[in-house]
Colleague: 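What follows is a single structure, and I will ask about it in a moment.
Numbers restart at 1 for each chain; the letters A, B, ... are given by sequence-line order, proteins then strands. Computed from a predicted model, the values in this text were never measured in an experiment.
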Amino acid sequence: MIEQPARISPSSLPENPRRTFLVRVIQGVHTTIGATLAFVLGGAALAPGLTRRERLWLSAGDLSALRDGEPRAVTLRVARQDGATEAVDRRVVFLVRSGDGGVRALDSTCTHLGCRTRVNADALQIECPCHGGVYDLEGRVVAGPPPRPLDELPTRVEGTRILVQV
Amino acid sequence: MLARFLDWCDARTGYRAALHHLLDERLPGGTGWAFTLGSVILLLLGVQFLSGFVLAMYYVPSPLLAYDSVRYVMRDLPMGSVVRGLHVWGASFLVVAAVAHMLRAFLHGAYKAPRELTWLSGLAALLVILGFALSGYLLPWDQKAYWATTVTINVARGAPLVGEWLASGLRGGPELGALTLGRWYAAHVFLLPAVLLAFAVAHLFLMRRHGISGPLRPKPGPATPFFPWHVMKDTVVMAVVFASLLTLAYFVRAPLDEMANPADASYVPRPEWYFLSLFQLLKYFPGPAEPVATQLIPGLAVGFLALLPFLDRHPERRPWARARLPYSVGMAVLAAGVAGLTGLGLRDRPEGKAANDWGLLPVAGLELATGENSVCARCHVAGGPAAPMERTSLRRDEEWLLNHMTDPVAIAPGVRTAEDRAPRSAMGRFGAQAVVAYLRRRHAGIEPPPLEPGVRLAAMTYASTCVVCHRVSGEGGTLGPDLTAVGQRRDAAEIQAIIEDASLVYGESSMPRFKDKLTGAQIEALAGYFAGRK
Ligand code: HEM
Ligand code: FES
C-alpha cells in the first residue's frame, strides 16, 4: 500500500491575485526563452537533415555496351557537400535495354530495408542478400519480403550516350 | 488524466513536497536584484550546454577540418551563425556574470562561516569556466586559436618543477597539432562539463543548506518565500540577459580569423578579452622576471580568493567596517588591477595585420582567381573536376598550394589532358601567393573592399612588382619600408615621384626607377591607392 501524501498545492496558501499574476508571468517568460532556444537550436540541428541533394543527370556509359535482356550494373559517382567535407556517393544502378530500344535504369537499393541487391546472371534475376528478396529483370518482386518493385530512375539517351538522373 | 498520472508519480517520488520545499524557501526581507546573478549564470550555462551540443554535431576536432567545419556552421548551416554566436558571445556573458556574482558575494561577506565551502565551490566553478573559455577558443583552429594556445603552453612550461611535464600534457605531442586539438576538445566537451556540474551542484546544495547571506541590513518583517517573489526578479533579469545575448548573436557575427598558419610571422597573437589582463601583465615582466607575471601574481590572486574565508573570520559583514577593511582593499586592488590591465591591453593595439584589412595582395589574388582571364575557373566550377573556389579548403600546406597554382596540371591528377604534355605555368610565384592570401581572407568570411578600377590596377601592379620589397598589411617583402600606412606620411604626388624615380627624392636609393617600366596609369593608380592608406 502506497501512502498517499496530503496534496499540498499553492492553493493551500491564501489566494492572492498578485501572486497568481506573477506565477503566470514567470511561466510565460521561461516558456518564451525555452521556445526561442528550441527554434534556433532545433533548426540548426535538424535543417541539414531535411535538405535534399539536387537531381543531376549523369552519364552511365554507351548504349552499345548493353545487350538485350542482360542487365548491366554501373556505378555512378555523385559528388556532394557533406558538412565540412565533400563526399562522393557511389550509386549502383542496373541498366536494362527495353524492347522498344529505350533503356531503363533500376536503382539497386532493395525496397525492403535498403540492402544492396545484385544481378544473378545465371538465374536471370536480381537478388537481395539480406532477407531473400528476389526481383525479375524488370524489377518486379518475385519472392521474399520486398513490398514493391525496385525504384526506377529517369533515363535519357543522347546519341549513343545513356544519361541517368539521380 | 494528467492529474492522475502526476498523483501516481507523486505517490512514488514525493516530488511535490520536494518542489515545495525548493520553492517555498524563505528569503530574508529585502533580498534584492543583486541576488539574481546566480540564476543568470544557470541560464547562461544552459545556453552554453545546448548551443555547444549543436556545435559539436558539426565540429570536427582535427586540424584538417576544424576550421572548415566552423566555416560550414557560419556559412551553410541554417541558423548556424546564430548558434555559434550564442556560444561565443555566451562565453563572454558567462565570464562577466560569474565575476559579478563573485564580487557581489564578496561585498556581502557571503564567504564567512558557515559558507566557506560555498565560496570555494563557486571559485572552483569560476576557474572551470575560464578553463572552458581557454580550451574553447583553440577549437576553431584559426590564427588566434593557434597562437594563443602556443603562448598558453609556453607559459605552462615556465611553471616550477612540473613545467615541462605540464606543457607536454597540454600539447599531447612533440608539436602543436592534431594531438593537441583532440585532447583540448575532449576536455572542453567531456571533462569540463562534468567537473563544472559537480561544482555547481555542490554550490547550490550548500547555498540551500545554509540559506543565502541576504542583505546587510535585512528589512524587518516576515521572510518572503523564494517563489514567486524572488523568482520574479530572477526571471526579469534572465529575460533581459537572454534577449541581449540573442540580439548580439543574431546581429554580430562571431569572429573567425584566418586559418591557423604556423609559418605566418606577421600575425600578432592576442588572447580573448578575458585573458587580456594576464597577457598585458607579461609585457611588464620581460626575461627572467617573467614568472612574476605568469605564476606569482596570478597565484597570489587565486590564493587570496581561496584563503579569504579563513583569513577574514570576524563575523562583521559590512565591507567598509574596520574589521573587513584590509580584505576590501585587497579585493579592490585585485579588481582594479584586472580592470586596468584589461583596459591597457585593449588600448595597446599591436602593429600588424588588421583583421578586416584586405591589403593589396589579396585583391590581386581575387582578380587572378576569379577575374575574367582566370585559369582556375577551367577546373574550379560547379560540376567541374575541382570544387568551386568558395568551396575549396586550405588543407594543404602553403608549398603545395603555391606549386599547384603555378602549375595546376602537374599536381592535380586527372586534370592533365592529352594536349598538356609539358607543365603549363598558370601564374608566377607572387601571383600564387596573392591567390593564397585571397583565399585566406575569403575563407575567414571577410568581405572584399569595393574594387574601383584604380584599386584593381594598383593591386595587379603591386603583386607583380612592388610586393618583392614592400609589405602591406602583413604581406610582401621587407627590403623596403612597410607601406600599410604610408598615406599618413606622404601624399599622392610625393608617392608618384618616388615610384617614378626614387633617387631624385632620396638621393641614393636601392629602389629601382619605374618611370619607363610601368605605364603612367599604373603609377597613378599606385600613388592614388597608397595615398589613401592611412
Ligand atoms: C558545456 C558544454 C559545452 C560544449 C558541449 C561545448 C562545445 C563547443 C564546441 C564544439 C566548440 C567548437 C565550435 C566553435 O568553435 O564554433 C566550442 C567552442 C567554444 N566554447 Fe564551448 N562548449 C561547452 C561549454 C562552454 C562553456 C561553459 C564556455 C564558457 C566559458 C565555452 C566557451 C567556448 C568558446 C570561447 C569557444 C570558441 C568559440 C569560437 O571562437 O569559435 N564553452 N564549444
Ligand atoms: S533488405 Fe532486401 S530483402 Fe530485406
Colleague: Among A:Leu46, A:Val25, A:Val40, single out the residue with the greatest number of heavy-atom pairs under 4.5 Å to chain B.
Modeller: A:Val40
Colleague: Would you find more than 12 non-hydrogen atoms of other residues, nucleotides or ligands less than 6.0 Å from A:Phe39 atom CZ?
Modeller: no
Colleague: What part of B:Phe227 gets within 4.5 angstrom of chain A, counting heavy atoms only: side chain, backbone, both, or neither?
Modeller: both
Colleague: Other residues, nucleotides and ligands only: do more than 12 of their heavy atoms fall within 6.0 Å of CZ on A:Arg118?
Modeller: no
Colleague: Hey, does the side chain of B:Tyr72 reach the backbone of B:Tyr59 with a donor-acceptor pair shorter than 3.5 angstrom?
Modeller: no
Colleague: Examine whether an atom of B:Val231 lies under 4.5 Å from a heavy atom of chain A, and if so say whether it belongs to the side chain, the backbone or both; otherwise answer neither.
Modeller: both
Colleague: Among B:Leu50, B:Leu86, B:Val82, which residue forms the greatest number of heavy-atom pairs with chain A at distances under 4.5 Å?
Modeller: B:Leu50
Colleague: Measure B:Leu23 against the heavy atoms of chain A and call it side chain, backbone, both or neither at under 4.5 Å.
Modeller: neither
Colleague: Of the listed residues (A:Gly43, A:Gly42, A:Ala47, A:Pro48), which shares the most heavy-atom pairs with chain B below a 4.5 Å separation?
Modeller: A:Pro48
Colleague: Give, as side chain, backbone, both or neither, the part of B:Leu43 having an atom under 4.5 angstrom from any heavy atom of chain A.
Modeller: side chain
Colleague: Relative to chain A, which segment of B:Met232 carries a heavy atom at a distance below 4.5 Å: side chain, backbone, both, or neither?
Modeller: both
Colleague: Are the side chain of B:Ser244 and the backbone of B:Val240 linked by a donor-acceptor contact shorter than 3.5 Å?
Modeller: yes
Colleague: Would you confirm whether B:Ser69, through its side chain, and A:Ala84, through its main-chain N or O, come within 3.5 Å as a donor-acceptor pair?
Modeller: no
Colleague: I would like to know whether A:Arg91 and A:Asp107 meet salt bridge (charged side-chain N to carboxylate O under 4.0 Å, His left out); could you show each step before the answer?
Modeller: CA-CA 8 Å; A:Arg91 290 277 295 269; A:Asp107 189 335; 3.1 Å; yes
